[in-house]
Every structure is written in structure tokens, then in C-alpha cells.
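Here the structure comes first, spelled out in C-alpha cells, and everything after it is commentary.
Each chain gets a letter, A, B and so on, in the order the sequences are listed, and its residues count up from 1.
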Amino acid sequence: MIENPPVARLDGVSVRAGNVQILRDIDLTIDPGDALGVFGANGAGKTTILRVLATLQPTATGSVEVLGADATADERFTVRPRIGYIGHVPALYPELTLAENLGFFARSRGLDESVAASALADVGLAGAADRRADRCSHGMQRRAEFARILVSSPVFLLLDEPHSALDADAVDLVDAIVHRTVDQGGAAVLVSHDRARVRSLATRTVEIEGGILR
Amino acid sequence: MIGFGSQAALIARRDILRERRSGEVLWVTLPFGAIALLLVPLAVGTDAPMLRQIGPGIFWVVVMLFGVFISIRQTSSETDAQRDQLALSGLDPAAVYFGRALASFLFLLGFQLVLGFVTVVLYDISLEGWLILPLTFVIVAAGLSLLGTLAAGIVATGQNAAALVPLLVAPLSIPLLIGATQALEALQLGRSSLTWVLMMIVTVIVLAIAGVLSAQPLQETR
Amino acid sequence: MTPREQTIERPTSVWPWITMGVAGTVTFIASMAVGPDAVQGQLSRIMYVHVPAAWLAYLAFFVTMAASAMYLWRKDLAWDRRAASSAEIGVVFTGLAIGLGMIWAKPTWGVWWTWDARLTLTAIMFFVYLGYLALRRTTTDLNARAKRSAILGVLAVVQVPLVHFSVVWWRTLHQPPTLLKPEPIDMDTSMLVTLGIAVVSFTVMYVAMMFKRIELARLEDEITEMQQTADVPIAGEAVTAPALERGA
């Protein structure tokens with residue numbers, strides 16, 4: 001039987017910024033079906049590890065392979081659209097409405113804007129679709145970010161504090177998105193402080209402390 | 001995947017829509033440029049023949065110096081989160097570069113038209129040889145938007161862009177400044193302005209190539 | 001990545017200092033030994049510093065352009081250090097050339113500044129590379145800094161000839177009044193030889209300065225690198241448990 005290739009593999013990865021070391025010598029393999037919870041104190045490097053997995057973070061040493069592509073080579077550009085990354089700060093354009101934001105996203109993936117509209121409806125924002133992003137609450141903006149995931153159906157989910165600022169309905173939505181991705185053979189990485197919530201969702205968990213994984 | 005042209009158009013449409021909502025160019029940069037045109041006669045004197053003579057030159061200097069703010073407005077307000085999502089979108093960085101420049105080009109064209117009108121009124125400019133103006137307007141707007149977008153990409157980080165980009169752009173925009181002023185002057189003196197126009201076109205082409213080649217390396221550095 | 005030493009060797013090379021001293025002394029003696037110009041008198045001696053300084057400025061900027069292109073090709077930080085060192089020296093000598101030119105121009109032509117094409121271009125180059133140095137100060141990430149400044153360095157390569165062409169051509173159409181036109185000094189052989197000695201001395205001085213500056217740049221980079229490895233603080237350790245919890 002042929003084993004499924006891992007969704008992502010980090011080998012001896014360290015990351016520096018200015019004159020501090022954020023991550024050192026990280027080894028991590030994420031297989032299809034994994035939902036990995038990552039815990040750690042403020043500033044421990046949880047967000048950085050997500051950006052490494054998203055092929056966005058330059059590394060000082062080690063090798064990063066994501067969806068079969070070497071993250072330091074040009075191949076990363078071909079796999080990036082299959083990565084769904086939601087940072088802890090919403091990336092919406094404040095002057096544009098939610099529908100326009102999602103429409104821009106859908107069209108950048110070669111999809112029709114109607115896909116964006118139905119995704120907004122699915123996250124319960126149909127009524128606010130024509131509202132400017134900067135006039136929406138933080139929680140609504142977070143929901144709109146998750147609508148992006150519904151538009152592009154990525155195979156590799158990277159979620160930074162997925163449950164923060166969300167009400168109970170929206171939390172269930174996030175859990176459903178994670179389950180769906182994992183069940184379809186994808187993988188998810190969830191960075192969080194909410195240990196209880198993430199433990200119920202994750203297939204395994206790790207802790208970042210002192211720049212290394214435990 | 002969508003084509004290169006559609007990607008650029010998508011970015012340009014986003015920038016135009018954002019400008020339409022925020023009105024930064026229309027309500028801030030444009031009045032600022034118009035005030036500059038008003039300040040010069042207050043400082044140098046209101047002698048009509050002198051103003052008539054220096055008017056076109058002042059106009060182009062204002063376009064060059066204040067036009068920079070148009071090409072950096074979005075890059076300098078872009079957040080890290082937005083930059084990350086754009087990098088993950090799979091859009092070709094060169095298409096993003098052209099899309100941004102295209103939106104700036106349209107704003108700069110409008111900026112030139114309005115300020116051109118203000119200059120004609122305030123400085124009592126003769127419009128002899130004006131047929132060359134639409135051409136120089138288009139070329140200067142193209143060159144300045146490409147140069148400004150490129151410089152903003154090189155500087156990248158928000159808080160530095162506002163101060164540093166104009167310093168980088170101003171000396172490198174000199175071929176456009178000289179070309180634009182001399183093309184009109186040549187016509188008014190009965191000479192050919194073809195060489196000046198060609199020089200500006202070469203500048204635009206060089207900037208477009210430089211922007212395309214540097215688009216990907218610049219997107220990847222933070 | 002090249003293997004890195006964990007201890008920094010102090011720069012011990014003395015020859016650049018000696019070379020700079022000798023080259024400077026030679027230039028000084030030569031420019032004092034030669035007779036004053038028949039028309040300009042003692043003032044002409046400025047030329048023996050002004051002309052080599054201007055030459056060095058152009059040489060230095062050319063090296064910056066070439067080293068920037070080499071960095072983009074080889075991705076080796078050594079080329080970035082060469083480009084940056086040369087730009088710094090170039091800016092200093094451009095400033096010197098412009099300043100001395102002004103001191104020379106005032107008594108000779110009666111003005112501090114004249115819109116001569118070469119002069120205008122030198123001033124523009126001064127600002128282009130001032131911008132280059134300002135850009136280098138905006139980030140501490142060595143590779144990001146190298147990449148951004150190399151792209152600007154190469155952009156200057158393609159854009160400066162266009163600037164040059166436009167300025168020269170603009171000047172040919174607008175000749176300055178003859179009164180302000182630079183009058184070429186009728187140089188005899190001894191003056192030419194002196195100028196030759198000065199240019200060669202300055203070039204030698206540039207090589208020595210480059211060596212010393214690159215040495216310094218390498219040390220700076222090494223310190224930055226060392227701070228980033230081994231016993232540096234781990235980002236997460238900057239945040240510890242609140243005191244409340246500890247007291248309980």
C-alpha cells in the first residue's frame with residue numbers, strides 16, 4: 001500500500017527576526033486527516049509557525065515542504081492557492097463591502113462572484129453583504145474571513161486563533177469547516193489559547209515553548 | 001487560473017473602488033496640488049508675463065512632486081495581513097504591479113487635467129501647441145505611475161513609504177520632467193518634439209520592464 | 001550559506017590607513033609643487049582635488065551598480081556589502097566635488113552654481129544615492145535589505161543614463177550666457193602631470209577606503225548574525241507568567 005504523502009513537513013526549521021530567534025530546529029510532519037492544535041504563551045512563535053506553513057515566512061535554516069512543493073523554490077507559487085490561511089488580524093479591505101471583498105477573492109481564483117455571495121450567506125452574513133468592512137464588527141469580519149475558506153475550499157487550513165471574537169453559531173461553523181477539510185483528506189493547523197475548544201477538535205496537539213516544539 | 005490581463009484589471013478595479021470610497025486623491029492630493037500652484041505666485045510675485053513664462057514648468061514640477069503621493073497611497077496603507085493574502089492568492093506579482101500602476105495612471109491623468117486647467121486659469125497660459133499635451137499627459141502619467149508603484153514596492157513598509165518614496169522617485173523622474181516641458185516648448189518654438197516624446201516613451205518602457213522583473217522578488221520580501 | 005566563525009576577528013589590516021595617508025600626502029605635495037595658473041592664480045589648486053573627487057564619485061557609483069547586479073545574480077551578501085560601501089564613499093566624494101566646485105566657481109564665474117549639464121547630473125546622482133543609503137536604513141533583515149537595495153541599485157543603472165541624456169540635451173538647447181560659461185583652463189604639461197598624479201592617488205585612496213569599509217561592513221553583518229544565533233534571547237521568553245500567579 002502506498003502511503004499518502006504528508007501535507008506539510010518541516011525539517012530543522014529555525015526563524016529569526018532582527019536579533020531574536022523565534023523558532024529553532026522545528027521538526028513537524030502533518031499528514032492528511034490531521035487536525036493539529038498548536039498551543040503556547042503570547043509571543044511564543046505560534047503565528048510564525050503558521051506563516052512558515054503558509055510558505056510566507058523566510059526561514060534561516062531547515063527545509064519546508066508544503067503540499068509537495070519546496071517552500072523556498074518557485075513551486076510554492078503553484079500550491080499557494082490551495083492553502084487557506086486566516087490570520088488573527090482580518091485582511092479585508094476596509095473601504096470595500098463584504099460582498100466586494102469576497103468577490104475580489106473569488107475572482108482572483110477564477111471563480112464567479114456568485115460563489116462569494118453564497119459563501120457569505122453560508123456564514124450568515126447575507127444581510128450585511130453590502131456593508132463596508134470597516135463598518136462591520138470584529139466578529140463579523142472574522143466570519144467574512146471564513147467565507148473565504150468556503151469560496152476556495154483549500155486542502156490545507158491554517159487558522160490563527162480561529163475561535164476568537166466569534167459567537168456560538170460561528171464557532172460551530174469554524175468547527176464544521178475544519179471537520180469537512182480533514183474528512184476530505186486535507187489537514188488543518190489551529191493555533192489557539194482556547195485549549196479546551198481546540199482539544200475537542202484536534203486529532204493531536206503540540207506546545208511551543210522556548211522556540212521549540214514539545 | 002485567470003489570464004494576466006484579467007488579473008491586472010482585477011487589481012486596478014479594486015484600487016479604483018477603494019479610491020472612490022476613500023476619496024483620498026480627489027479630496028486630499030488634488031487640492032494640495034492646486035494650493036501649490038496658488039502659493040508660487042504669492043511667493044515670486046504676480047507679474048503677468050513672468051507667470052505666463054514659468055507656469056508650464058511649475059505645473060510639471062507640481063505634477064511630479066505631488067503625483068508621487070497618488071502612486072504610493074495604497075501600498076503605504078496596505079497591512080501585513082492584506083499583503084499575505086495577496087501573496088497567497090496566486091495572482092501574478094507582475095500583474096499586480098501593472099494593475100496598481102493602471103489605477104494610479106488613471107488617477108494621475110485626472111490629476112493632470114484638473115491641475116492643467118487650474119494652471120491655465122491662474123497663470124494665463126497660452127495654449128499654443130496644445131495638441132502635444134494629451135500625448136505628454138498620457139506618457140507622463142504612465143511613467144510616473146510605473147515609477148511610483150515600483151519605488152513603493154522597493155520601500156514596502158508602510159511607515160517609511162510616505163517619506164522615502166518621494167526621495168527615490170524625484171531624481172529618477174527627471175527624464176519625464178524634462179521631456180514633458182521641452183516637448184511643448186519645442187513646438188512653441190517651431191521645432192520638432194519627436195525626440196523628446198521618444199525619450200519619454202523609452203523611459204516608460206524601461207520602467208515597465210524593471211517593474212515586471214522585480215515584481216516577484218519584491219513580493220517575497222518582508 | 002557560508003560557514004561562520006563564532007568569534008569575530010578584529011580588523012588588523014593597517015595598509016589601507018597607510019595607503020590613504022600616502023596618497024593624500026602625494027596629492028597635497030604635487031598640487032602645492034606645481035606653479036599657479038597664469039589666469040586663476042592659487043585658486044587653480046582646488047582643481048587637483050575637485051577633479052579627482054568627481055572622478056571617484058562616478059567610479060564609486062559605477063561599482064555600486066555592478067555590485068548590485070552581481071548580488072541579484074549570485075545572492076551573496078558580500079556583493080551587497082561592496083555595493084553599499086561604494087555608495088557611501090561615492091556620496092561623500094560627490095558632496096566634496098560639488099562643494100569644491102562651488103568654492104571654485106564663485107571667484108571664477110561670479111556664481112556658486114551654474115546649470116552646466118555635468119554639474120546638474122552630479123547633483124542628481126548625489127540625491128539618487130542618498131536615497132539608496134536612506135533605503136538601507138529602513139530594515140535590519142540582511143537579505144531583505146540586500147535585495148531591496150540591489151533592485152534600486154540596478155534601477156538606477158537603467159534610469160541614470162536616461163537622466164544623463166535628458167539633462168545634456170536640455171543644456172545643449174539652453175546654452176547659458178557666455179559670461180557664466182565655464183572657461184577651460186589652458187593647462188601646461190606640469191599641470192596635466194599633477195592632475196594625473198592626483199587622479200591616480202585618489203583612485204588608490206578609493207581602493208584602500210573600499211577595503212576598510214567592506215571590512216567594517218562584514219563585521220557589522222557578523223555581529224548581526226551572531227546576535228541572531230546561539231545564545232540570543234528566544235522571542236517567547238520575553239513574556240513570562242504574570243506576577244499575580246507567582247504570588248499565589
Query raised in the report: Shortest non-hydrogen contact from A:P81 to B:G90?
Result: CG-CA, 3.9 Å
Query - Test: B:R13 and A:E113 ion pair at under 4.0 Å - result: yes
Query raised in the report: Taking side chain as C-beta onward, heavy atoms only, is A:S108 less than 4.5 Å from B:Q7?
Result: no
Query - Side chains of B:R14 and A:Y93, donor plus acceptor under 3.5 Å - result: yes
Query raised in the report: For B:Q82 and A:P94, which heavy atoms make the closest approach, and how far apart are they?
Result: NE2-CD, 3.7 Å
Requested in this report: Report yes or no: does B:Q85 contribute a side-chain atom to a donor-acceptor pair with the main-chain N or O of A:I86 at less than 3.5 Å?
Outcome: no
Query - Distance, nearest 0.5 Å, that separates CZ of A:R80 from CG of B:L91 - result: 11.5 Å
Query raised in the report: Would one find more than 12 heavy atoms of other residues, nucleotides or ligands at under 6.0 Å from atom CZ of B:R21?
Result: yes
Query raised in the report: Could you state the interatomic distance from CG (B:L88) to CG (A:L158), rounded to the nearest 0.5 Å?
Result: 8.5 Å
Requested in this report: Could you tell me which portion of A:D74 (side chain, backbone, both or neither) has an atom closer than 4.5 angstrom to a non-hydrogen atom of chain B?
Outcome: side chain
Query - Closest-packed option against chain B by number of heavy-atom pairs under 4.5 Å, given A:A91, A:P90, A:G87 - result: A:A91
Report summary line: So OG of B:S22 and CZ of A:R132: to nearest 0.5 Å the spacing works out to 8.0 Å
Query raised in the report: Is the count of non-hydrogen atoms from other residues, nucleotides or ligands lying under 6.0 Å from B:F32 atom CZ greater than 12?
Result: no
Requested in this report: Just give me the residue among A:L96, A:V89, A:L111 that pairs up with chain B most often, heavy atom to heavy atom, under 4.5 Å.
Outcome: A:L96
Query raised in the report: Quick one: CZ on A:R107 to CD1 on B:I2, what's the gap to the nearest 0.5 Å?
Result: 7.0 Å
Query raised in the report: Taking atom OG1 of A:T97 and atom CG of B:L17, what is their separation to the nearest 0.5 Å?
Result: 7.5 Å
**Report entry** Region of A:E100 in contact with chain B, defined by heavy-atom distances below 4.5 Å
**Finding:** side chain
